[in-house]
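The next block holds one structure in the form of structure tokens; read it before the comments.
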Amino acid sequence: MDLKSIIYETIEKQFNITSKDDIPSFDLQLTPDIGMGEYAVPVGFVLAKKLKMAPDKIAEQIAENMHGPFEAHYVKGFVNIRMSDDWWLSRLNEAFVSYPHITGNALVEFVSANPTGPVHIGHGRGAVVGSILTNVLSRVYDKADSEFYINDAGEQIRKFCNSVEVRIRQLKGEQVELPEDSYHGDYVVDIAKKVLGTYDWDHLNEEQKWNVLWNGAVSMMEEWHKATLDKLGVMMNIWTSERRIRAEKWPEKVLELLGEKHLTYEQEDALWFKSTAFGDDKDRVLVKSNGEYTYYLVDIAYHLEKISRGYDVLVDVWGADHIGHLSRMNSALTALGFENRLNVVLVQTVRFWRQGVAVAMSKRKGEFLSLDELIEEIGKDAARIMFVSRSVDATLDFDIDVAKQKAMDNPVYYIQYAYVRARNILMKEQERQYGDAKGFDTYERTLLRLLNAYEDRIAQTVRKMDPFVLESYAWDLSDAFHKFYQFDRVVGCEYENSRWLLTERFVEVMEELFDILGIEKLEHM
RNA sequence: GGGCCCGUAGCUCAGUUGGAUAGAGCGACAGCCUCCUAAGCUGUAGGCCGCAGGUUCGAAUCCUGUCGGGCUCACCA
């Protein structure tokens with residue numbers, strides 16, 4: 001049963017239109033008030049010009065002549081459709097969880113924090129956004145992977161290793177100052193201690209010491225990253241090292257490919273990419289005058305490498321402060337023949353509040369609230385939901401006090417409470433009397449219509465690349481369920497069978513949403 | 001100055017890709033537990049959708065201009 005086709009057929013018959021192509025397109029939309037029915041079509045307005053008729057006359061004729069498991073009424077140019085109780089009852093015997101299918105493989109890259117410092121609180125939003133997007137895409141595409149790019153090569157890592165080395169010497173009692181451009185955070189001291197506890201530092205020669213820093217200290221940071229993400233319920237199935245990208249000569253491949261297309265040139269001892277040919281306002285350096293590769297070149301190389309692994313869709317989750325990098329990255333990929341392959345999700349900034357005061361985040365002095373502390377303080381579920389409780393385009397005010405409250409301010413409790421209530425009903429299987437299914441009223445129909453929108457919401461999430469769509473869907477469903485629950489009982493009411501089935505379907509949909517959002521399915525509050 | 005994001009209820013924000021009387025949470029006020037968890041529900045109050053034009057049957061939504069806030073404009077990553 002497809003409402004749109006029924007409407008198309010009715011239009012064709014009623015107005016003698018022979019081809020569907022002659023009918024302007026229209027959407028099946030939701031009525032503003034469930035009392036008007038569940039679905040609506042503004043078909044009168046759409047056809048008015050073509051038929052040279054008043055919109056309400058057109059809607060009237062269509063409403064009167066369309067037939068199916070529903071009642072149709074017209075209001076102005078709208079045809080409002082109220083599905084029959086029988087139709088909804090049979091709908092309840094099928095699953096609501098279903099997905100559109102898109103052929104191809106997707107790769108979502110996110111967090112990708114430098115191993116020179118912890119995954120900090122500013123990474124939190126991108127981490128959750130990326131993990132939820134991966135969960136959604138893996139249900140829509142043939143395959144979807146999540147990936148963390150480890151920037152474990154280059155100037156910053158050298159600086160980090162130097163910082164650890166100075167801290168080690170200080171721990172040994174040497175009077176040495178940390179250079180101004182070092183990493184000053186206390187965690188560097190912790191790493192220094194850990195290195196001393198793991199390796200026999202005093203008996204290493206200079207080369208071995210550097211080796212311990214370059215490999216040992218850096219991998220300690222990586223382990224820390226993994227542990228933090230793990231606590232946040234963020235699972236990466238691929239970790240890619242910048243060292244490998246360099247070792248496999250991907251930057252050289254990029255230089256070669258761009259060179260073949262005559263898109264590079266030398267100037268002032270540096271090698272430049274003619275990105276202006278692709279809309280950039282300025283050409284960009286690929287190889288610095290000192291011979292080192294820029295981050296830009298290595299990042300292009302990394303993206304080329306990702307594409308070489310057979311991904312049809314690349315999704316990068318970036319902080320809004322990387323906006324400048326976007327046009328450059330697109331220029332380079334277009335030059336390499338991969339226009340539109342990259343889909344960047346720009347996540348706006350988060351401001352954290354505690355007791356009405358913004359939490360200062362001075363990365364340089366190392367005085368940041370860590371993501372570890374945040375998760376420990378408010379819990380994984382609250383953290384995840386708070387991070388996606390606004391659209392990615394909106395800056396997020398994250399109130400830590402609110403996230404700790406077990407009240408309505410905190411959406412995670414609202415959602416989990418609805419689920420717990422529904423689960424508790426289903427545990428009363430023994431008391432069930434299987435009353436007749438007599439029909440569906442306002443609260444049931446609101447919930448049914450929402451459940452029936454599952455696939456649409458998934459499609460919308462993919463189109464917008466924004467997990468907020470699903471968070472608000474979970475909230476909408478919970479809202480509808482709380483009202484449904486409050487209005488009447490399920491077990492023992494005269495509509496027991498239909499209300500029971502509806503509760504079962506609600507639980508199924510919520511469980512799938514919880515899996516996608518990465519939050520726990522609680523049995524008790 | 002250029003690019004991107006945001007201006008909608010007192011506050012924080014939705015608005016399903018142009019549709020009907022613009023919604024929710026918080027805050028304020030008034031109610032609801034003999035009943036599957038009251039961490040919930042019901043009701044009231046609160047709006048020049050930043051501003052000005054334009055497009056059309058119809059605009060919070062699209063276009064142009066303009067004002068305000070955020071991010072960003074490296075041989076840093």
Side-chain angles (χ1 to χ4, degrees), chain A residues 26-27 29-33 36 40-42 44-46 48-49 54-55 75-78 80 112-114 116 151 154-157 267-272 279-282 284-296 298-299 319-328 346-349 351 389-397 399 402 405-414 416-418 420-428 431-432 453 456-457 459-460 463-464 468-469 472-473 475-476 478-479 481-493 499-500 503 524-525:
Chain A
F26 56 85
D27 291 321
Q29 40 191 248
L30 308 182
T31 55
D33 181 347
M36 304 161 90
V41 187
F45 297 111
V46 171
K49 188 173 264 180
V75 182
K76 291 186 250 183
F78 293 95
N80 293 333
S112 299
N114 290 347
T116 54
N151 294 113
E155 193 54 36
Q156 295 305 313
I157 285 292
Q267 189 180 309
E268 293 163 4
D269 295 330
L271 188 72
W272 298 70
D280 203 348
D281 39 320
K282 198 181 153 215
R284 305 290 167 175
V285 172
L286 296 172
V287 184
K288 301 181 204 173
S289 50
N290 66 6
E292 284 180 11
Y293 294 157
T294 58
Y295 167 82
Y296 179 44
V298 183
D299 209 23
D321 56 338
H322 286 66
I323 180 67
H325 197 53
L326 180 56
S327 63
R328 274 171 267 164
L346 275 185
V347 178
Q348 291 296 319
T349 47
R351 282 185 307 178
S389 63
R390 297 280 178 269
S391 73
V392 291
D393 285 340
T395 53
L396 174 63
D397 280 310
D399 192 319
V402 165
Q405 279 171 29
K406 301 195 170 185
M408 266 298 290
D409 315 30
N410 193 345
V412 70
Y413 289 101
Y414 191 71
Q416 286 178 324
Y417 187 35
V420 165
R421 280 180 147 180
R423 279 284 306 274
N424 279 349
I425 291 168
L426 299 184
M427 305 229 241
K428 300 194 180 293
E431 299 171 29
R432 203 177 153 195
D456 284 347
R457 297 279 183 134
Q460 196 185 336
R463 191 172 63 240
K464 293 178 135 178
F468 167 72
V469 175
S472 72
Y473 182 45
W475 196 93
D476 289 344
S478 303
D479 181 53
F481 185 80
H482 281 307
K483 284 166 183 166
F484 160 88
Y485 179 97
Q486 203 81 30
F487 175 70
D488 197 357
R489 294 177 57 83
V490 172
V491 176
C493 94
R499 284 174 68 83
W500 179 276
T503 304
H524 307 283
M525 293 301 286

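Chain naming here is simple, since letters A, B, ... match the order of the sequence lines and numbering starts at 1 in each. As the structure is a computational prediction, the values presented were derived from the model and not from experiment.
In terms of polar N and O atoms assigned as donor or acceptor, the side chain of A:Asp321 never comes within less than 3.5 Å of the base of B:A77 in a complementary pairing. Remark: the A:Ser289 side chain and the B:C75 base include a donor-acceptor N/O pair separated by less than 3.5 Å.
Applying the side-chain hydrogen bond (donor to acceptor under 3.5 Å, both in side chains) rule to A:Asp280 yields the partners A:Ser275, A:Arg284; only residues at least two apart in sequence or on another chain are considered. The side-chain hydrogen bond (donor to acceptor under 3.5 Å, both in side chains) test applied to A:Tyr413 returns no partner, not counting sequence neighbours. Partners of A:Asn424 by side-chain contact (heavy atoms from CB on, under 4.5 Å), not counting sequence neighbours, listed by chain and number: A:Val420, A:Met427. Listed by chain and residue number, nothing satisfies the ring pair (Phe, Tyr, Trp, His ring centres under 6.0 Å) test with A:Tyr485 (two or more places apart in sequence, or in another chain). Partners of A:His325 under the ring pair (Phe, Tyr, Trp, His ring centres under 6.0 Å) rule, at least two apart in sequence or in another chain, are A:Tyr295, A:Trp318. Residues meeting the side-chain hydrogen bond (donor to acceptor under 3.5 Å, both in side chains) test with A:Lys483, sequence neighbours left out: A:Asp479. In this structure A:Arg423 satisfies the side-chain hydrogen bond (donor to acceptor under 3.5 Å, both in side chains) test together with A:Tyr419, sequence neighbours excluded.
With rounding to whole Å, A:Arg328 atom CZ is found 12 Å from B:C76 atom P. Atom CD of A:Gln348 is separated from atom C1' of B:C71 by 7 Å (rounded to the nearest Å). Distance A:Asp393 CG to B:G15 C1': 14 Å, rounded to the nearest Å. Atom P of nucleotide B:C73 and atom CG of A:Leu326 are separated by 13 Å, given to the nearest angstrom. Distance, A:Asp476 CG to B:A24 C1': 9 Å, rounded to whole Å. Put simply, CG on A:Asp281 is 13 Å from C1' on B:C4, counting in whole angstrom units. In this structure, the CG atom of A:Leu346 is 11 Å from the P atom of B:C6, given to the nearest Å. Rounded to whole Å, atom C1' of B:C73 lies 10 Å from atom CD1 of A:Ile323.
Across B:C75 and B:C13, the matching P atoms stand 35 Å from one another, rounded to whole Å. Taking atom P in both B:A9 and B:A22, one finds a spacing of 14 Å when rounded to whole Å. For the C1' atoms, the distance from B:U61 to B:G19 is 11 Å, rounded to whole Å. B:A38 and B:C32: their C1' atoms are spaced 9 Å apart (whole Å). Here the separation of B:A24 from B:U16, taken at their P atoms, is 16 Å to the nearest Å. For the P atom pair drawn from B:G69 and B:G53, the interatomic distance equals 24 Å after rounding to whole Å. Comparing B:G15 with B:G23, their P atoms sit 15 Å apart, to the nearest whole Å. One P atom belongs to B:G50, the other to B:U12, and the distance between them is 15 Å to the nearest Å.
Between A:Val491 and A:Lys76, it is A:Lys76 whose nearest contact on RNA chain B lies nearer the 5' terminus. Residue whose closest nucleotide on RNA chain B sits further toward the 5' end, between A:Pro55 and A:His325: A:Pro55.
Counting all heavy atoms, side chain and backbone alike, A:Glu268 lies closest to A:Ser289 at O-CB, 3.7 Å. A:Arg328 and A:Tyr296 make their closest contact through O-OH, 2.9 Å (heavy atoms, listed as atom of the first residue, atom of the second, distance).
Ionic pairing of A:Arg457 and A:Asp476 is present here: one or more N-O contacts between side-chain nitrogen and carboxylate oxygen are shorter than 4.0 angstrom.
Using a 4.0 Å heavy-atom criterion, one finds that A:Ala320 contacts the sugar-phosphate atoms exclusively. A:Asp280 comes within 4.0 angstrom of nothing in the nucleic acid, heavy atoms only. Across all strands shown, A:Ala40 has heavy atoms under 4.0 Å from base atoms, whether or not it also approaches the sugar-phosphate. If you check every strand for non-hydrogen atoms under 4.0 Å, A:Glu268 touches a base. Using a 4.0 Å heavy-atom cutoff across all strands shown, A:Met36 reaches at least one base atom of the nucleic acid.
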Next item on the list: Classify every nucleotide of nucleotides 38-47 of chain B by which part a protein heavy atom approaches to under 4.0 Å, writing B for the base, S for the sugar-phosphate alone and - for neither, in 5'-to-3' order.
Entry: SBBSS-----
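Counting non-hydrogen atoms of other residues, nucleotides and ligands closer than 6.0 Å to NZ of A:Lys288 gives a total above 12.
Looking only at side-chain heavy atoms (C-beta outward), A:Ser389 and A:Val412 stay at 4.5 Å or farther from each other. With a 4.5 Å cut-off on side-chain heavy atoms, A:Asp488 and A:Arg499 count as touching. Between A:Val491 and A:Ile425 the shortest side-chain heavy-atom distance falls below 4.5 Å.
For A:Arg499, the side-chain atoms get nearest to B:C36 when compared with the rest of B:C4, B:A77, B:C36. Taking the side chain of A:Val490 as heavy atoms from C-beta on, and the options B:C71, B:C36, B:A74, the nearest nucleotide is B:C36. Closest to the side chain of A:Lys49, out of B:A20, B:U56, B:C75, is B:U56.
A distance-only check finds a donor-acceptor pair linking the side chain of A:Thr294 to the backbone of A:Leu286 [under 3.5 Å]. Judged by distance alone, with hydrogens and angles left aside, the side-chain atoms of A:Arg421 form no donor-acceptor pair with the main-chain N or O of A:Phe481 at under 3.5 Å.
RNA chain B forms stems at B:1-7 with B:67-73, B:10-13 with B:23-26, B:28-32 with B:40-44, B:50-54 with B:62-66, each a run of 3 or more consecutive Watson-Crick or G-U wobble pairs whose two key distances fall under 3.5 Å.
For B:C32, the base adopts the anti conformation, since its glycosidic angle falls more than 90 degrees from zero.
Below 30°, between 30° and 60°, or above 60°: for A:His482 and A:Tyr417 the angle between ring planes is between 30° and 60°, a tilted geometry.
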Between protein and nucleotides 7-13 of chain B, what N or O pairs are separated by less than 3.5 Å?
residue: B:U12; atom: O2'; partner: A:Arg390; partner atom: NE; Å: 3.4
residue: B:U12; atom: O2'; partner: A:Arg390; partner atom: NH2; Å: 2.7
residue: B:C13; atom: OP1; partner: A:Thr395; partner atom: O; Å: 3.2

Identify all pairs in which a protein N or O lies below 3.5 Å from an N or O of nucleotides 16-19 of chain B, and state each distance.
none

Quick one: which protein N/O atoms are closer than 3.5 Å to N/O atoms of nucleotides 27-31 of chain B? Pair and distance per line, please.
none

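Note on A:Asn114: every side-chain N or O is 4.0 Å or more away from OP1 and OP2 of B:A77. Taking only side-chain nitrogens and oxygens, A:Lys282 comes nearer than 4.0 Å to OP1 or OP2 of B:C75.
Considering CD1 of A:Ile323 and CG of A:Leu346, their distance stands at 4.5 Å, rounded to 0.5 Å. The CG atom of A:Asp393 lies 11.0 Å from the CZ atom of A:Phe468; values are rounded to the nearest 0.5 Å.
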